2 protein chains.
Amino acid sequence: MSASTVVNLRSTKAPLRAVDISKVTFTDCPVRDLISQIGGKWSVLLLEALAQRPYRFGELRRMVPDISQRMLTQTLRELQRDGYIGREVFPTKPPSVEYRMTDLGYSLYEPLAQLLNWAEANQEAVRVARAHFDQSQD
Amino acid sequence: MSASTVVNLRSTKAPLRAVDISKVTFTDCPVRDLISQIGGKWSVLLLEALAQRPYRFGELRRMVPDISQRMLTQTLRELQRDGYIGREVFPTKPPSVEYRMTDLGYSLYEPLAQLLNWAEANQEAVRVARAHFDQSQD
DNA sequence: CAGCATCCTGTTTGATACTG
DNA sequence: CAGTATCAAACAGGATGCTG
């Protein structure tokens with residue numbers, strides 16, 4: 001059983017995150033691909049919000065006060081493109097747009113939430129490890 | 001049950017990833033903190049390798065051919081600082097250094113592996129979602 | 001309201017050369 | 001072998017102004 005049993009350890013020359021959202025092809029490692037998406041500064045935050053219930057653009061903006069409009073739009077597009085969230089435009093005046101998690105998004109959110117729970121449950125252990133490491137480095 | 005039940009949605013002004021490894025204080029959101037660490041380009045790859053068995057520096061380098069020496073060292077240090085992996089120096093000549101996962105690292109790896117499994121199991125669904133999205137955008 | 005286009009900055013990463 | 005140091009490039013993200 002080699003180390004690549006769980007995942008393809010071959011790395012790629014491809015950039016870690018999408019730049020031009022419409023030009024990006026699927027990288028040859030799904031793990032790298034997911035991590036690069038989730039690893040963005042705002043993706044997890046938005047997934048957590050939308051896992052609770054649907055929200056409109058402006059609501060999300062207020063929930064995450066220091067996200068820029070640019071990054072909110074961009075991150076929502078990426079999540080939509082990957083199929084994790086859906087986008088519905090209501091033809092009101094002015095228009096309102098609602099985002100909601102898809103079934104695929106919810107299925108992703110299950111293991112993701114477990115990981116986030118781990119982060120909270122073990123934050124103290126990590127804090128201690130860091131303090132110890134920094135000490136020993138003088 | 002508010003949206004912040006699962007995790008603190010407050011975002012921070014802190015940079016996403018550590019720059020000077022010894023200067024970084026724990027951010028006020030453990031989730032942001034974990035995501036910023038494993039969201040790095042190489043962390044997950046190295047955790048997967050070390051979840052299998054201990055490896056030496058050079059072995060890891062050969063397993064992940066296109067990681068630079070600089071990033072291998074830096075990422076290993078970060079993982080060590082957070083307490084996920086341990087580092088042991090053998091006083092041979094020339095010296096050899098072995099890295100191995102700690103108990104904390106293994107406990108992290110459990111939910112992490114679930115997430116990675118999801119990525120592999122659903123890569124086709126994501127690929128389809130992307131193709132559909134790109135289509136509809138013309 | 002919900003964006004988009006442009007410019008600009010700091011951070012992350014890579015390349016290369018050198019060392020105990 | 002297992003690093004460190006320095007420089008340069010690429011990228012993610014922020015700020016601002018404009019639009020249907």
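Not measured: the values here are computed from a predicted model.
The side-chain heavy atoms of B/Glu120 and A/Val31, taken from C-beta on, include a pair separated by under 4.5 Å. Proximity of B/Leu72 to B/Leu46: side-chain heavy atoms (C-beta onward) are separated by under 4.5 Å at one or more points. Annotation: side chain of B/Phe133 is in contact with side chain of A/Arg77 (closest heavy-atom distance under 4.5 Å).
Residues meeting the side chain to side chain donor-acceptor pair (under 3.5 Å) test with A/Ser107, sequence neighbours left out: B/Trp118. Considering only residues two or more places apart in sequence or on other chains, A/Glu110 meets the salt bridge (charged side-chain N to carboxylate O under 4.0 Å, His left out) condition with none of them. Remark: B/Arg100 engages B/Glu98 in a salt bridge (charged side-chain N to carboxylate O under 4.0 Å, His left out) (not counting sequence neighbours). In this structure A/Arg70 satisfies the side chain to side chain donor-acceptor pair (under 3.5 Å) test with no other residue, sequence neighbours excluded.
In this structure, B/Leu72 places its CG atom 16 Å from P of D/dA5, rounding to the nearest Å. Rounded to whole Å, the distance from CD on B/Glu78 to P on D/dG3 is 14 Å. Between the CD atom of B/Glu88 and the P atom of D/dC1 there is a distance of 19 Å, given to the nearest Å. Between the CE atom of A/Met71 and the P atom of D/dA12 there is a distance of 9 Å, given to the nearest Å. Distance CD1 (A/Ile35) to C1' (C/dT12): 17 Å, rounded to an integer number of Å. Whole-Å rounding puts the A/Arg62 CZ to C/dC1 C1' distance at 10 Å. Between the CD atom of A/Gln37 and the C1' atom of D/dA12 there is a distance of 13 Å, rounded to whole Å. Between the CH2 atom of A/Trp42 and the C1' atom of D/dG13 there is a distance of 9 Å, rounded to whole Å.
One axis for each end of the helix from C/dC1-D/dG20 to C/dG20-D/dC1, each built from five base pairs, and the angle between them comes to 50° at 10° resolution.
Side-chain atoms of B/Gln52 come within 3.5 Å of backbone atoms of B/Glu48 as a donor-acceptor pair (strictly under, hydrogens ignored). A donor-acceptor pair is defined here as one N or O able to donate and one able to accept, closer than 3.5 Å; no such pair exists between the side chain of B/Thr75 and the backbone of B/Trp42.
Distances shorter than 4.0 Å separate none of the side-chain N or O atoms of A/Lys41 from OP1 or OP2 on C/dT11. When the side-chain nitrogen and oxygen atoms of A/Lys93 are compared with OP1 and OP2 of D/dG20, none of them lie within a distance under 4.0 Å.
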What nitrogen or oxygen pairs link the protein and nucleotides 2-4 of chain C at under 3.5 Å?
unit_1 : atom_1 : unit_2  : atom_2 : d
C/dA2  : OP1    : A/Arg56 : NE     : 3.0
C/dA2  : OP1    : A/Val97 : N      : 3.3
C/dA2  : OP2    : A/Gly58 : N      : 2.8
C/dG3  : OP1    : A/Arg77 : NH2    : 3.2
C/dG3  : OP1    : A/Arg87 : NE     : 3.4
C/dG3  : OP1    : A/Arg87 : NH2    : 2.6
C/dG3  : OP2    : A/Tyr99 : OH     : 2.6
C/dG3  : N7     : A/Gln69 : OE1    : 3.2
C/dG3  : N7     : A/Gln69 : NE2    : 2.8
C/dG3  : O6     : A/Gln69 : OE1    : 3.3
C/dC4  : OP1    : A/Arg77 : NH2    : 3.4

